[in-house]
Amino acid sequence: MKQFKLAILASAIAGLTACGGDDGRNGANGSNGADGSNGVNSLITQTQLAAGDSNCPGGGIQFDSGADSNSNGVLETSEITDTKFVCEPFTGPAETDLIGNTRNNTWFSDAEAKIASATAPNLTRGAAKNVILFVGDGMGISTVTAARILAGQLNGELGEDHNLSFDLFPYSGLAKTYNVDAQTPDSAGTMTALMSGVKTDAGVIGVNENIVRGDCSTVAGNELVTALELAEIAGKSTGILSTARITHATPAATYAKSADRDWEDDGDMPAAAKDAGCEDIASQLINFKANLEARIGGVTVDGVDVVMGGGRRSFLPKDAAFNSPDAVSSVEGDRTDGRDLTAEWQALNPTGSYIFDKAGFNALNTETTTKVLGLFNESHMQYEADRKNDVAGEPSLRDMTGKAIEILNKNSEGFFLMVEAGRIDHAHHAGNAYNALTDAVELSEAVAKAVELTNSDETLIIVTADHSHVFTIAGYPKRGNPILGTVVDIGSTSPSLAADGMPYTTVGYTNGLGFRDLGDETDADEGYNSAIDAGRQDLLLVDTQSPGFHQEALVPLGSETHAGEDVGVYAKGPGAALVSGTNEQNVIFHVMNYAADLANKANSKQVAP
C-alpha cells in the first residue's frame, strides 16, 4: 500500500507543478521553482486522509497549492487557491464487519469454526429465508419426556410412545448450558449465548463476559450483536413472543444490552446506574430502532414488528391514572420517570396496534397489520392451565405464534421470530409439575402451528431450552402409569411403597418449596403463599394428578433451582443438519446465522458515511 501511495504522490505533484512556469502573480513570468518577478513562491502541501473522510471514503491524499504571499515558507489557509484529492479505492461499507468485534471473542470464533467445518447434506449458506427460534424456558430433557407422556395420556394413550411436534424433527442434538462464571446457569447468560454466539456471565444481557454485573460503565465496548438485530439490518421482519414479561431475561436478550437482567424498568434500577446514564430494558425496547442505528453507523432499521407478551408494569408510570382496564394492582405501573412507553411506542408507530387483551388480539387483521405491541398482563402472562381465569382474557402461545407469522410473512425478505414458553420455568421454580408440563405441551402446539404456516424449504425452525431444572422421573412405574401419579409397579394396581411405608410420585424435585395439596388451583404461584414443607409426606389419600398438587422436594429452598445438565436442540428446514452431537450452547446462533446468512446480508445493507 505504501508503494501505491508514493506513486499517487509522484504523479499528483507532476500534474500540479506542470504549470508553464507561471508561479508569479499579475502575469509575471518565472521558471519552475524560481521566484516570479514579484518575488513570491508557489507552495504545495499534502495531507494524508484517513478512511471515512468525506472527500475520500477509502482514505487518500489532499493536495493544496497557492502562492506564499507573506513569504514565510508556509502555505496558510488564506493562501490556498487550489485543492485536489487523490483517493484510494473505496470498496464500500461491506468492509465494516458488523460482528467484527465479536469475531475476536474465543466463544464466537470456536463456534464459527465448528460450523464452517461441518459436513452434512443440503447445507447451502443463506438457504433459509425465515428463522424461528422456540425456547422452552427451563425445558430440560426430563421435562420434554414427561410432557410427551402427559400429552399422550391426555389423548387417551399410554403416553410413552406419543410424540411432541418437535420430537418428529429430522435433526437433533444437545447443548451445554453453563455460563462463563456459573456451572448451573441462568436465563440471561444462556439466552445471550443463543442470540449472539457468545457465552457470557450469569445475570447480564447482550454483553460479553468482560462486563461487571451491575456496573453499567462496563457495558460500552462489550455489547454483542444479536440474530434479531442482524435480521433487522438485513431487511427482514422481526418478532418477539413470550408468556413471561417481555422485559424478562429471555426475550430481553434479543434486543437489550444491560449490566443487570433485573433492570426491567427505571424503578428497578439503583440511583447510581440511572445517574450514569444506563437505560432500562423496557425503554431499550421502545428505543430499539434509534439505539441500533446509533450504535452501528450506516444502518437503517424499522424496529421490531411484532412484540407480544406480559410485563405492562415496566411500560407505565407509577400512577393509577395510567392503569389498564384489567389492572389487578391498585397502581399497575412501576416507572418512576413518568414516561408512558405504550404512548411513546404508538407515537413512533402511528399505524401500529397497541393491544392489551384477548379482544384486541382477536381484532388484529394480519393482512393489514404491520406493527403490534401486545402487553397482556401487568406481570407475566397466565399459565396455560390458568389462562381462562385472566381478567380480560389472553391469547395462547399457539395463537400468538400463528398471528405473528401471518403478519411477518408478508415481507419478501423473510423474517426472524423468537418464541418463548417462559412459564415452564416458573412452574418448576414453584415445584408444580402440572403447570410446567402443560405449558411445555402448549409450546409443542405453537411449534406445530409454525410448521403448518411455513414452508419447510425456506424456514429454519429450532426448538431448544435455555437451561434445565432439578426435575426427575423416578421409580419403576408400569407402562401407561399416569406421569403425575404415584408409582405403580409392573403387574400391580396398588401404589408402590418406599422404605418409609408411604407411596411416592414418579416425578419430583431435588430441592424447592416441597409438598402442597391445593386441589384444583391452576396458578402454580399460589404455592409461594405457604411455608416450605420439604421432605416426605403420606400421599395415600392425595390426588397427585390435580393441578394444585406440588411435588415433594428433598432440599428445602424458597424456590426450586435450575439444573446444569445439557438440553435438547431440535431442528428442521434449511441448515437444520448442522444441529447434531453435543455443542456449546452459543453454536446455535451460528447455525441460524449460517442458514440465513444473516451477518453477510446485514453487512451488505450498510450505507457509506
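Everything numeric in this text was worked out from a predicted model, so none of it was measured.
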Legend entry - Verdict with supporting geometry, Val567 and Leu174, side chain to side chain contact (heavy atoms under 4.5 Å, CB included): CA-CA 6 Å; Val567 297; Leu174 295 171; over 6 Å; no
Inset, instruction - Report yes if the side chains of Met381 and Pro395 come closer than 4.5 Å at any heavy-atom pair, otherwise no. - result: yes
Legend entry - Close side-chain approach of Met308 and Phe361, heavy atoms under 4.5 Å: yes
Inset, instruction - Report yes or no: does Lys403 contribute a side-chain atom to a donor-acceptor pair with the main-chain N or O of Leu364 at less than 3.5 Å? - result: yes
Inset, instruction - In plain terms, say whether Asp305 and Lys371 are close enough for a salt bridge, that is, a side-chain N and a carboxylate O under 4.0 Å apart. - result: yes
Legend entry - Close aromatic pair by centroid cut-off 6.0 Å: Phe108 and His590: yes
Inset, instruction - Please answer whether the main-chain N or O of Gly352 pairs with a side-chain N or O of Gln346 as donor and acceptor at a distance below 3.5 Å. - result: yes
Legend entry - Verdict with supporting geometry, Asp597 and Arg125, salt bridge (charged side-chain N to carboxylate O under 4.0 Å, His left out): CA-CA 6 Å; Asp597 204 20; Arg125 179 183 286 274; 3.5 Å; yes
Legend entry - Ile296 side chain reached by Val299 side chain, heavy atoms, under 4.5 Å: yes
Legend entry - Pairwise distance CD(Glu420) to CG(Leu443) - rounded to 0.5 angstrom: 10.0 Å
Inset, instruction - Tell me yes or no: between the side chains of His469 and Glu560, is some donor less than 3.5 Å from an acceptor? - result: yes
Inset, instruction - Given salt bridge (charged side-chain N to carboxylate O under 4.0 Å, His left out), test Arg398 with Glu442 step by step and report yes or no. - result: CA-CA 7 Å; Arg398 179 184 186 275; Glu442 177 61 21; over 6 Å; no
Inset, instruction - Mind checking the CG-NZ spacing from Asp302 to Lys236? Nearest 0.5 Å is all I need. - result: 13.5 Å
Inset, instruction - Measure the shortest side-chain to side-chain distance between Trp263 and Pro270 over non-hydrogen atoms and say whether it is less than 4.5 angstrom. - result: yes
Inset, instruction - Give a yes or no on whether a salt bridge exists between Glu378 and Arg312, defined as a side-chain N under 4.0 angstrom from a carboxylate O. - result: no
Legend entry - Heavy-atom pair with the smallest gap, counting every atom of Gly206 and Lys257: O-CD, 3.4 Å
Inset, instruction - Indicate, with yes or no, if the rings of His429 and His562 have centres closer together than 6.0 Å. - result: yes
Legend entry - Heavy-atom pair of closest approach, residues Met191 and Met418: CE-CG, 3.6 Å
Legend entry - Between Asp466 and Ser187, a side-chain donor and acceptor under 3.5 Å: yes
Legend entry - Side chain Asp266, main chain Thr336, donor-acceptor under 3.5 Å: yes
Inset, instruction - Look only at the side chain of Arg261 and the backbone of Gly203, and say whether a donor-acceptor pair between them is shorter than 3.5 Å. - result: no
Inset, instruction - List the steps and the verdict of side chain to side chain contact (heavy atoms under 4.5 Å, CB included) for Phe356 and Leu375. - result: CA-CA 5 Å; Phe356 60 87; Leu375 300 174; 5.6 Å; no
Legend entry - Where Pro185 and Gly564 come nearest, the two heavy atoms and their spacing: CD-CA, 4.3 Å
Legend entry - Flag if over 12 foreign heavy atoms under 6.0 Å of NZ, Lys274: yes
Legend entry - Lys/Arg cation over aromatic Phe376: Lys358, 6.0 Å, 45° cone: no
Legend entry - Pair Ser468-Glu565, side-chain donor/acceptor within less than 3.5 Å: yes
Inset, instruction - Keeping the roles fixed (side chain from Ser196, backbone from Val225), state whether a donor-acceptor pair exists under 3.5 Å. - result: no
Legend entry - For Arg335, the option from Asp319, Asp340, Asp280 that meets salt bridge (charged side-chain N to carboxylate O under 4.0 Å, His left out): Asp280
Legend entry - OG1-CZ distance between Thr247 and Phe315, expressed to the nearest 0.5 angstrom: 6.0 Å
Legend entry - Any side-chain donor near an acceptor of the partner, Asn287 and Glu279, under 3.5 Å: yes
Legend entry - For Asn409 against Phe415, the heavy-atom pair lying closest together: OD1-CE2, 3.4 Å
Inset, instruction - Establish, yes or no, whether a centroid distance under 6.0 Å links the rings of His428 and His467. - result: no
Inset, instruction - Answer yes if the side chains of Tyr383 and Asp525 hold a donor-acceptor pair under 3.5 Å, and no otherwise. - result: yes
Inset, instruction - Indicate whether any N or O donor in one side chain lies under 3.5 Å from an N or O acceptor in the other, for Asp260 and Ser258. - result: no
Inset, instruction - Would you check if Val304 and Ile240 make a side-chain contact, meaning some heavy-atom pair closer than 4.5 Å? - result: yes
Inset, instruction - Look at the side chain of Thr190 and the backbone N and O of Asp186, then say whether any donor-acceptor pair between them is shorter than 3.5 Å. - result: yes
Inset, instruction - Check whether any side-chain N or O of Asn586 sits under 3.5 Å from a backbone N or O of Gly197 as a donor-acceptor pair, and report yes or no. - result: yes
Legend entry - NZ/NE/NH1/NH2 to OD/OE distance under 4.0 Å, Lys199 and Glu584: yes
Inset, instruction - Keeping the roles fixed (side chain from Glu384, backbone from Ser396), state whether a donor-acceptor pair exists under 3.5 Å. - result: no
Inset, instruction - Classify the side-chain pair Gln382/Asp390 by whether it contains a donor and acceptor separated by less than 3.5 Å. - result: yes
Legend entry - Test item: side-chain donor near acceptor, Tyr255 and Glu232, under 3.5 Å: no
Inset, instruction - Find the distance between CG (Asp268) and CG (Asp262) and round it off to the nearest 0.5 Å. - result: 7.5 Å
Legend entry - Donor-acceptor side-chain pairing of Ser314 and Glu264 below 3.5 angstrom: no
Legend entry - Sub-4.5 Å side-chain heavy-atom contact between Leu133 and Val419: no
Inset, instruction - Please test Asn105 against Glu209 for side chain to side chain contact (heavy atoms under 4.5 Å, CB included), starting from the C-alpha separation and ending with a verdict. - result: CA-CA 10 Å; Asn105 184 288; Glu209 66 215 67; 4.1 Å; yes
Legend entry - Exercise: do Asn291 and Glu293 side chains pair donor with acceptor under 3.5 Å: no
Inset, instruction - Rounded to the nearest 0.5 Å, what's the gap from OG on Ser324 to CZ on Phe322? Could you check? - result: 11.0 Å
Inset, instruction - State whether the side chain of Asp337 and the backbone N or O of Asp265 hold a donor-acceptor pair below 3.5 Å, judged by distance alone. - result: no
Inset, instruction - Side-chain contact test, heavy atoms from C-beta onward, threshold under 4.5 Å: evaluate it for Leu285 versus Ile246 and give yes or no. - result: yes
Inset, instruction - Looking only at non-hydrogen atoms, find the nearest pair between Ala427 and Ala436 and report the distance. - result: CB-N, 3.2 Å
Legend entry - Gap separating the CD atom of Glu229 from the CG atom of Leu292, nearest 0.5 angstrom: 5.0 Å
Legend entry - Asn222 (side chain) donor-acceptor with Thr218 (main chain) under 3.5 angstrom: yes
Inset, instruction - May I ask you to test the Leu557-Ile532 pair for a side-chain heavy-atom distance under 4.5 Å? - result: no
Inset, instruction - Over all heavy atoms of both residues, which pair between Ala465 and Gly136 is shortest? Give the atoms and the distance, please. - result: CB-O, 3.2 Å
